[in-house]
Structures are given as C-alpha cells and as structure tokens.
Amino acid sequence: MKSAVSIQGLAKSYGTTRAVDGLDLEIEQGELFGIIGPDGAGKTTTMQILVTLIPPDKGEVLVGGHDVRTGIQAIRSLVGYMPQRFSLYPDLSVEQNIDFFAELFGVPKSEMAVRKQRLYRFSRLGPFAKRLAGKLSGGMKQKLALSCTLVHDPEILILDEPTTGVDPLSRLEFWEILHHLHRMGTTVIVTTPYIDEALSCDRVAVMHGGQSLACGTPDELVSLFPHKLYAIREPGISLHDTLVMSIRGVLRVAAFGDSLHVAAEPDTSPSQLETELSAALGRGINLEPISPSLEDVFIHLIHTKRNDGA
Amino acid sequence: MGPDTTVSVRGLTRDFGSFRAVDDVWFEVHTGEVFGFLGANGAGKTTLIRMLCGLLEPTAGTATVCGLDIRTRTRDVRRIIGYMSQKFSLYEDLPVRANIEFFGGVYGLPRSALKRSIARLTAELQLEEYASAQTRSLPLGIKQRLALGIALLHNPSVLFLDEPTAGVDPIIRRNFWRIIYDIAGRGSTVFVTTHYMEEAEYCNRLLIMHQGKIIETGSPSELKTRHDRPTIRDVFIRLISERMQEENAV
Amino acid sequence: MKRRVFAVIRKEFIHIARDFRSLIIILVMPVLMIALYGYGITLDMRCIRFAVVDLSRTPQSRALIASFTGNGFFREVAGDYTPDDAPSLFRQRRIQMMLVIPRDFAASLATQAETTVQVLVDATDANVGTYIHTYTEQVLQGYASSLSGAVQPILRLEPRLLYNPDRKSTHFFVPGLIAVLLMLVSALLTSITITRERESGTMEQILVSPIRPVEIVIGKVIPYITIGFADGALILASARILFGTPVHGSLLLLALLGTVYVFVALSFGLLVSTVARTQVIAMFMTVMLTILPTFLLSGFLFPVASMPTVLQYLSRIIPATYFLVIIRGVMLKGVGIAELWLPIVSLCAIGTFILSVAVMRFRISLE
C-alpha cells in the first residue's frame, strides 16, 4: 500500500509552546483515519501543516508523495480541507458558494454541472440550491461546507472536528457521507472529540502533547487497556465515588448516571473488591465485569502520559 | 405536585412570529435530579431553558421553579437559579478573579459571603492557579469550568447548563460531569442540554424534544428497554428518524 | 489566475449587492453632504451682523459705513468697540465681521493711490467666512467707484479671517470630500472585507485552494476601486449640477492620479487587515489611522501652514495631503503634471512603501 500521508519527526512551535513535538504517522491510501486527543494535543496544527497552511519547523511530511514545503500547489489541488471553524459565505446562496470554490480550484466549466449534481445527490442540498447559506440549519451548513471541499474531487479529505456542536442525527448523516467517500476510494483523515465517531474509523491515533501515544484499529486500541473494569449499578451510587476510590486496588472511578465504573489493578480479585466495597458502603454491592470502551482507553492513555510527565 | 418537585412546567409554549419554538410542554423535575434535554438543533431546548430562567416570556402556559411562578416572580426566580449559556459569555479581557467578583456583585452577594463562595468554588473547580490569569488566555476546558463556577456563585437551587461541554475533550467532560454530580448530590437540581449521547447516559432522567414538542421522557435505562436499543444514541436516532419519515410521508 | 481573480471579484460584488443598504449609504451620503453643505451656507447669507471701529471719524468713513448698512446684506451692531473686542464678540455670536477704518483713512484716500481698511471675519464656518469676505470686497469696490475725482483710488482690503484663515468654498470642499471618501471606501472597506473573512473562518478555506494571496488581494480590491470611482464621479457631477463647481484641468489626469491615490489608500486598508483580528478593530484602526488624519491633518479642514510644526511634519506622511494639492490643482487651477510632479512623486513613494509593507505582512499574517 502506498502512503497517502507520511509524517516523520514533525515539530512545530508557537513561541515557547510546542504544539507538535516529534509526531510520527503513516496513513495509507484509501484509509478512513481518525485522530482523537484532548484540547491542545496538536491536532489542528498537524492538519494545518498537512494542507500547507503553515510550514513545519522540523521533520518530514509528505502528502500524496509531495513534500509540504516544496509541493504546495500540488498538494492543494490534491487535498480537500474542512477547517475546525468551517464557514461559508452566509450571504451567498448554496449554489454560489459551490461555484465560487469550483472556480478557485479551477474545475473545468464543462464538468461543473455533473459535479454539482453529484454533490447535491449525496448532500441532498439540491432543493435548497437557491437558498442563502446563512439560512440553512446547522447540519445542512456543514454538508454544504463538505460539498465545497469536495468540489475539486480531492484524493485526500482532511476534516478538523467537522461535527462539533451538531446534533446526533445530522452527525450520523454526515458520517454516512464520509463512509460513502471512503468506499469510493478517498482517503479520509478526521479529528473528532466524539469517541463513537472514532470507533467507525479504520484506524485511530491518540494524540497528546504533540505526539501520537497509540495508533491502531479501534479493537487494537481497546486491547491496550491494562486494567480490569467493573460496573456497580445501584441508585445513588454515583455520590460515593470518593469512598470507592479509597479502596485498595481501585485505580479510577467514573460516574455514569446511576452506575459507577471502577477500574482496578488486574491482579485484584473481584470477590475481594466486592467484600471491601460492601463493607465500606454498608450494604451489599454487586460488581459486574464490563469490557473497556475506547473512551476508557483514551482516558487511561492520557492519564498515564500525564503522570509520567509529572 | 409532589413535595420534592423543584420545577413544574405546565403547558409552556413560545412563538417567534409564526414559528412555534416550544409547543405545549408539560413535565416535572425533582430535587437533586440531573435532568437532560436532548434534541436536534432547533428542537426548542434553548428556548425552553431561556423561558425557565425568565429570559424569555412564554406565549402561553406557565412554570414554577421552587414554587415561584416564572411569569410573575421573575426576579425571585433569577435569584435562585444559575445559568450557563451555550456561548462562553464572560469578559475575555478581564482577569479570572475580576470576572468572578463582577458576577458576585451582580447577584448582590455580601462581601463576606462572596469571599467564602469564591474560596470554596476556586478550590472545588481547581481554578486557584488561574485566579490572576487573563480569561482570554485560558484553555477552553478551564473557561468552561470558570463559567460554571460563576453560575454557582450564589448557591442556586436550580442550575441550567446549555451545552456546557460542546467542543471539549472526553477527559474534561468527565471532570465536568463529576462536578455536576457533586452539585446534584448537595440537593441542587441540574438541567443539561447536550449533543454528546455518552453524556445523556449520565443523566438521571431524559427528555427528548423534536420541533418544540416532547416526544419521549424517562431514565436512560427505561428508554433503552422501551425502545430495545443498546445505547441512548440509538434510541435518539431511532425516535428522530421515525418522526422525520412520518413528516416526509405527510 | 484570471479565473480565480474573477471568481473573487464576482463573489465580492454579490456581497455588495446583498448588502444593499450599505451600498446606498456609500453612494448617497456624499451627494447629501455636498448638497447640505452648499445650501446651508447660501441660506445663511441674508443678514451679516457687523461692528465698526471708526478711528477716522470723517464724512468719508461715515459714507463707507453707510454703503455697508445700505445694501441689505449687512446690519450694524452699534457700540463703542476696539479691534481687541472682536474675538469675544465672535465667540458670543454677536457679530460675524468687524470693519476697522484706520485713523488716516480720509487723508489717505485723498493723497495715496492705495488705501487699506481692515476687516476681521469669523471664519469658523469656512464657507460663511468666504462669503462675508467676498461681499465685503464688493461693497468696498462699490464705494471706491462712487467716489468722485479724476483718479479713482484703490481701496485695498486687508482681511483677517479668524479661526479658519484659509479661504474655502464649496469649490474647495468638493475636492476634499473626494479625497476623504476615496480613502473611506478604499481603506475601510478593504480592511473590513478581509478581516471579515478571517474572523468568520472563510479565509482559511480559500487559502487551502490553489489561489495565491496576491490574487485574493486583487480580487478584493477591484470591486472597491470601482465603488470608489463611482463615488468620486457622483460627487463631481452633483457638485457641478448643484453649484457649478468646475474641473479646469484634464479629467483623464484626475482619474489617473485618483487611481494612484486609491492604491495608496487600499494598501493602507490591507496593512490594517494584517494587524486587526476583528472587523470592529479593523474599523476602529482604519478610522483612527486614515480617515481622521485625512480629515484633520491633510489640509482639508485646516490649512497645513497654520498647524503646529509637529503636525506639519505629520501631515507630510499622510497621502491625502499630496492628493489634495493634486486634485485642487487639477480641478480649480487647471494645472498639469509639470506643476504637480513633486506631490505625485511623494504620493507614489508613500504608496510603494505602504504597499510593500502590507504585502509582506499579509503573507506572514496568513500563517
């Protein structure tokens, strides 16, 4: 497989802040690749370097085989980019927005009609072609932004938190479009704060402090979770998390509505834990083993890294 | 109305011109509940919250907060509620401490009470190290914690949080929810709107809105059983897409 | 390249057309200003209150005073004044003009070829001042020609225009207004349209396309030059129709040098947009750095020569200072390049400097 994106030893600083600090990533052609990480992990900076908006300080970055320092024009016609704060011209109609971006990217006039029809078909924006972009709903605006980044048929699509602040149904619809593009062979690179979105990617990288902490399929990442995870389902239990935290062997506690998720050392026996918890809370407690989610892994990775640093 | 009912909503309706944003909504919320509003953009969640906070006049119907009618006792209602809006609405150009003191002043807190509140909240929300920082320079997660702290300054009985965690990462979200549980555990009632369905699972009770109407309500586990779906996300998507199909069919 | 620039131009024109109200304001406001300004002063010219300091106290001096009071335009405010009273009388708005007839008036009329009288004029309102000045001159000439004698003496007026000693009329006002408006349209609109895109995030989206920064700049600037020119032409035409303001020199030369000035102005706008993060700040900065200096320091309202030395130096780096010399020269005196080469070269030099700084900063600020 050929690499769509190859990043080696990438570094970028703003003043004294190291936004990206020794990042290595290989993204293959045709992959649907997700990047998750806390605020300030360097996701946006990395995306901006990939699309040649900002130059890297150090490291080798190839996009579609072109160096981001020298192949700016080549990369720009190859890549479609939807920035974090994607935005359109609210006083232009849906069609005028699409036409404008088509001309910027030099889409041949003869192909415009066909392209537009195709974009309308999957975005379902056709009936709204004459509507001003400012008058669209949140989900529709976002589909229009995607349409504008797709107008020149990019081989690589780079999306920076495209679904933040969008309701679940619109998000689902948006991801259906991404999956469709993925099946058609487009490489899709997407950052997201939603763990459920990361789950539907081929591979996911967890970024923190400008580096990649782990990278693999969602299943591979979940298997990295080194602890045992239990749920206690009991009304009102969530209020006792500090008490539960004080039990020996318990590493982390998180409240989920009327249940509590408890991460424990792998060598702790569940029955022992159960006894101690029951004694501490003064009532019979039932521990139910559960399998970790990607979110659990994510939080584990970040915590471990932070504790190492401190 | 039961003895532990904090908020009682009876037929609230709000029109904007010919558009009905909230349409005859009825429900009750109990003391100490974490109550979640779900719905697509434009479903009416924010309008409903703004009416309950006394920021918007209802077109019809009414509601009581801690027994106070929101139409006639608006000022008293505002004294006992805390509100954190969707948009970050603190003064970016002021230091953190100045922001807190200003809002404390707005609520007319006596100096000694304000001091105690500030000391308690900055410790609880781990804001000590940022007290003299410029608000603009804070990371998003800290800003959100600060906004929450300010909404809590006057010890409100009811707290309204409109998409408090939009755009922040899972770790900050978990921290934030720990704080929300603490607040509820101390007997405050917490209203939350969110687009994160993982967060919906954390709520004690949920209310799903669509085009101004309530289409479903119940605890997360009740809803999952009733609709035979493994997660709230699936329940939500099923409910909304059913509605939309019906509308398209008509 | 051409296609991308045209795409930007077309888009800008859609923005302009959608924001119809602003467009109307931009086009109608200057015409309105000209009309108000011009008519405002002519309506005020019925009854000029004046005081007399008659140091001569002769039949000749009394005849001169009578020729003022007799014509219906002037009304004497009686009293025993000295020239030193003029400022306070002006401030209290009791009089607008003071006529000072020297002690040797009668003698001088009889013996000298030239006799001088002093006239103090309240020129707070530039045009009113000019009108009073002109009327006074006419009355004096009428008086001189009425004198009997073989040789008609020349009565020389020694005017002192207080508060606003430059003589400005509507004719003078029109070129100044053009200079201000071209600056306003070019600098303000350019800086706002660019910061708006940066603020809303669309700039990032355009920048990842193959478009080059210079193409964005050209595409954004052309529509606003067009509006600027339409504005200038509209002002010229309405001044001509309403008040008969002439253009003595070459229109082509005026258009050419107008283009140079507009380029300087929009380079400034571009420069502002590289610094300002939001539209509000851009607007504020443009007004502070371009519009206000153009109004106050360029010689539009106050003549450069009467400013404190520091401000005179400051006025030399303001593009409008040179453009005012150029446009007044071409319009009112009908001069050509030969007489104007110095301000033209200065304007070009300032423009080149601002533009190169702006373009350099524009590239950097995109990062």
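Residue numbers begin at 1 in each chain, while the letters A, B, ... track the order of the sequences.
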Stepwise side-chain contact (heavy atoms from CB on, under 4.5 Å) test for Ile206(C) and Leu104(A): CA-CA 8 Å; Ile206(C) 316 185; Leu104(A) 286 192; 3.2 Å; yes
List the atom pairs, donor and acceptor, that lie under 3.5 Å between side-chain atoms in residues 176-185 of chain C and the rest of the protein, sequence neighbours left out.
none

Scanning both residues in full, the closest heavy-atom pair of Glu103(A) with Arg4(C) reads O-CG, 3.6 Å
Correct closest heavy-atom pair for Leu92(A) and His15(C) would be CD1-CE1, 3.6 Å
Is the number of heavy atoms from other residues, nucleotides or ligands under 6.0 Å of Phe284(C) CZ greater than 12?
-> no
Please check this pair: side chain of Arg10(C) against backbone of Phe100(A), looking for a donor-acceptor N/O pair closer than 3.5 Å. no
task = Check whether more than 12 heavy atoms from other residues, nucleotides or ligands sit under 6.0 Å from atom OH of Tyr313(C), and answer yes or no.
result = no
Can you establish whether the number of heavy atoms outside Arg18(A) located under 6.0 Å from its atom CZ is more than 12?
no
For atom CE of Met112(A), decide whether the heavy atoms of other residues, nucleotides or ligands shown that lie under 6.0 angstrom number more than 12. yes
Whatever's closer than 4.5 Å to a heavy atom in chain C on Ile75(A) counts as neither
When the 4.5 angstrom heavy-atom criterion is applied to Gln84(A) and chain C, the contacting part is neither
Check: Which is it for Glu197(C) and Tyr89(A) under the side-chain contact (heavy atoms from CB on, under 4.5 Å) test, yes or no, and what are the steps along the way?
Finding: CA-CA 9 Å; Glu197(C) 295 227 17; Tyr89(A) 300 100; 2.5 Å; yes
Counting neighbours of CZ on Arg69(A) that are heavy atoms of other residues, nucleotides or ligands and sit closer than 6.0 Å, is the number greater than 12?
yes
- Query: Judged by atom type as modelled, is there a donor-acceptor pair below 3.5 Å linking the side chain of Arg76(A) to the main-chain atoms of Leu207(C)?
  - Reply: yes
